[in-house]
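Structure, as structure tokens:
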Number of protein chains: 2
Amino acid sequence: MKARAHDRASLPDLAQRLRGKSRRLTGQRQAILRILAARRGPMSSKDLFASLDKGDCDLATIYRSLHLLEGLGLVKRFDFGDGVARYELVTCAEHEHHHHLVCVRCAVVVELEDCFAPELEEKIGQRNGFKSVTHKLEFFGVCPRCQ
Amino acid sequence: MKARAHDRASLPDLAQRLRGKSRRLTGQRQAILRILAARRGPMSSKDLFASLDKGDCDLATIYRSLHLLEGLGLVKRFDFGDGVARYELVTCAEHEHHHHLVCVRCAVVVELEDCFAPELEEKIGQRNGFKSVTHKLEFFGVCPRCQ
DNA sequence: ATCGCTGCAAAAATTTTGCAGGTAA
DNA sequence: TTACCTGCAAAATTTTTGCAGCGAT
């Protein structure tokens, strides 16, 4: 598996975080992150597999890598309700938490900048005695082209 | 498939809505709705299958029925991010839209009454040129018992 | 040289579909 | 009777896992 010189600036950080957990920076993982970095939007394992150069990486490795990277906080999992998990690269802290606007016809995804619910987490947590409350919020509609 | 006398008040309404689309009120569908009405919380197809009396209904029928009922607006689909679709009975209009607070340890689900995002739909739709915007919002945390 | 990682293939889990017979209206 | 519906089984999808060899450190 060939190494790539043109990988993103986040890779040093990645190497750091992998080392911290005795995980290895392999060509496959670099390739996966490269694709995710180029797309910026949520991708399924299948999307990733199709985008990779043939032979770069096995589909099983993609699943294993995404689980690992999710655990390390380098990618985030999203569910749009179609039974397919999608993952997005977490590039910087302020970009870490955000939401999507998904077209129900063509599945195009718009990344939304703002998050509107953080103050609710605290309130809802207190009201129900829950700790460490997070949330997932996605919007769905018909995009301009599909109308 | 035996009919049941003790079915909920929503059943006449159900029959009405089924007839409106040339759909039939079968024993299986009644059984599914009965279980969903008793639980009130989100259930997976497997949960439903386990709760039904043995022989009441095939698993494939559950999938088909849930799709049908979802299309009729009688049940609503929720996704908690574990790759398993869950469905909840829609009993009345004001109960139709709501959210959940899910324990990440034991998966207990608290039904939340309020919805906090409706005004956002309009704003986000306009801003991005989307029509018919809806949203899905779920909260996750650690429940009192699991802390 | 380790110990983790990957490919391959098989398995598991979830959901969909074809078809022949059964049933609500 | 006539569509629609169901059970059964097979298939399609998505994800996980076992294992032997490979590779990053």
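Protein chains get the first letters and strands the later ones, always in sequence-line order, with residue 1 at the start of each.
Among residues two or more places apart in sequence or in another chain, the side-chain hydrogen bond (donor to acceptor under 3.5 Å, both in side chains) test is passed with B/R23 by none. The side-chain contact (heavy atoms from CB on, under 4.5 Å) check on A/Y63 picks up A/S45, A/L59, with sequence neighbours excluded.
In the interface, the side chain of A/R24 is not paired with the base of C/dC5 through any donor and acceptor atom under 3.5 Å apart.
In this structure, the side chains of A/F80 and A/V109 come closer than 4.5 Å at one or more pairs of heavy atoms. Residues A/V102 and A/F139 fail the side-chain proximity criterion, which asks for heavy atoms closer than 4.5 Å. A 4.5 Å side-chain heavy-atom check between B/L74 and B/L14 finds at least one atom pair inside the cut-off. In this structure, the side chains of B/V110 and A/I124 stay at 4.5 Å or more apart for every pair of heavy atoms.
Taking the six-membered ring for Trp and the full ring otherwise, the centers of B/H135 and A/H100 sit at least 6.0 Å from each other.
Comparing A/S65 and B/L59 by the nucleotide of DNA chain C whose heavy atom lies nearest to each, the residue mapping closer to the 5' end is A/S65.
For the pair A/D79 CG and D/dT14 C1', the computed distance is 13 Å after rounding to whole Å. Between the C1' atom of C/dT23 and the CD atom of B/Q30 lies a distance of 13 Å, rounded to the nearest Å. Rounded to whole angstrom, the span from the CD1 atom of B/I62 across to the C1' atom of D/dG7 amounts to 12 Å. If you measure from atom NZ of B/K54 to atom C1' of D/dT6, you get 18 Å, rounded to the nearest angstrom. Look at CG on B/L68: it is 16 Å from C1' on C/dT17, rounded to the nearest Å. Going from atom CZ of B/F49 over to atom C1' of C/dT15 covers 14 Å, rounded to whole Å. Note: CG (A/L25) to C1' (D/dG23) measures 12 Å, nearest angstrom. The CZ-P distance, from B/R19 to D/dC4, rounds to 16 Å in whole Å.
Listed pair B/H67 / C/dT15 fails the phosphate criterion, with no side-chain N or O lying under 4.0 Å from OP1 or OP2. Dashed line: the shortest gap from a side-chain N or O of A/Q28 to OP1 or OP2 of D/dA24 is not under 4.0 Å. Regarding contacts with the backbone of D/dC5, a side-chain N or O of B/R29 is found under 4.0 angstrom from either OP1 or OP2. Look at A/T26 and you'll find a side-chain N or O under 4.0 angstrom from OP1 or OP2 of C/dT6. Here B/Y63 does not reach the OP1 or OP2 of C/dT16: none of its side-chain N or O atoms lies under 4.0 Å away.
For A/T61, whose side chain is taken as the heavy atoms from C-beta onward, the closest listed nucleotide among C/dT6, C/dT15, D/dT15 is C/dT6. Closest contact between the side chain of B/C57 and the listed nucleotides D/dT15, C/dA25, D/dG7 involves D/dG7.
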Expected string for nucleotides 8-13 of chain D under the B/S/- scheme (protein heavy atoms, under 4.0 Å, primed atoms plus P, OP1, OP2 as sugar-phosphate) is BB----

